[in-house]
Amino acid sequence: MNARRQPIHAVESDAPRAIAPTEWKRFEQSIGEIFEAFGMDLDTPGTRRTPERYLRALYDATSGYDGDDKLLAVFPNECRREGDRLVGQLLEGPISFYALCEHHALPFHGVAHVGYIAHERIIGVSKLTRLVRLYARRFTVQERLGEQIADALGDLIEPHGIAVRLEAAHLCTQMRGVREEHSRTVTTVWRGVYSDAPDLRREFLADVRCE
Ligand SMILES: [Zn+2]
Ligand SMILES: [Zn+2]
């Protein structure tokens, strides 16, 4: 278990990471040794600072562990019904994301579509983008990423239903030729009213395809 993994509801930044300068130096040394052993010439103008740049890029790509306290703003909404049917699916997407697969620490990237049936609160599209990136910028797997986005959105606005569809290309398989170059992995999470209403699921998927 990763001790740094925050509880799903904790979207605010409770403990941003802190890495001491001496640690950075040690990490640069280690990654430099690995690059060199694998074939990189570290003694050129272009590569001398590569270990440092690589670690900085990796640190930025995992900034989701630092949390995001700008996520907490939500807006009031009027719950809408027609007869006994809830109306007003909100669909946002495509939201692009880049994540690191926890099995290989290599990127998987693609787009997210998030749909929800609002109750008394809604969230702006820029916040949804933040929410997707909060969980994408970590070492994760696609299935968990979808679940975490759905859980956090549920905590933030308590809608009647949530749908999260992720479509991604996984470099850990594609770069090594394990899988066909253009294959995409699709995962979908259904929550609340989507779970037992096929018509809502169809509506969501139809809207996603029209994007
Ligand atoms: Zn992988
Ligand atoms: Zn409602």
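When a ligand or atom number is given, it counts from 1 through the structure's own listing order. Just so we're clear, the structure is a prediction, and the values are computed from it rather than from any experiment.
In this structure the side chain of F108 never reaches within 4.5 angstrom of the side chain of Y98, judged on heavy atoms. Between I19 and F27 there is a side-chain heavy-atom pair separated by less than 4.5 Å. The shortest distance between side-chain heavy atoms of S96 and R133 falls below 4.5 Å.
Residues V141 and V164 fall into different hydrophobic clusters, defined by Ile, Leu, Val, Met, Phe, Trp and Tyr side chains chained together at heavy-atom separations under 4.5 Å.
Under 4.0 Å is where a charged nitrogen must lie from a carboxylate oxygen, and between D151 and R191 at least one such pair does. A salt bridge does not link E102 to R138: none of the charged side-chain nitrogens sits closer than 4.0 Å to a carboxylate oxygen.
Looking only at distances, no side-chain donor or acceptor of R130 sits under 3.5 Å from a matching main-chain atom of S126. Side-chain atoms of K127 come within 3.5 Å of backbone atoms of K70 as a donor-acceptor pair (strictly under, hydrogens ignored).
Geometrically, R56 engages W24 in a cation-pi contact defined by less than 6.0 Å to the ring centre and at most 45° from the axis.
For the Zn ion (ligand 2), protein N, O or S atoms under 2.8 Å: 3 in total. For the Zn ion (ligand 1), protein N, O or S atoms under 2.8 Å: 3 in total.
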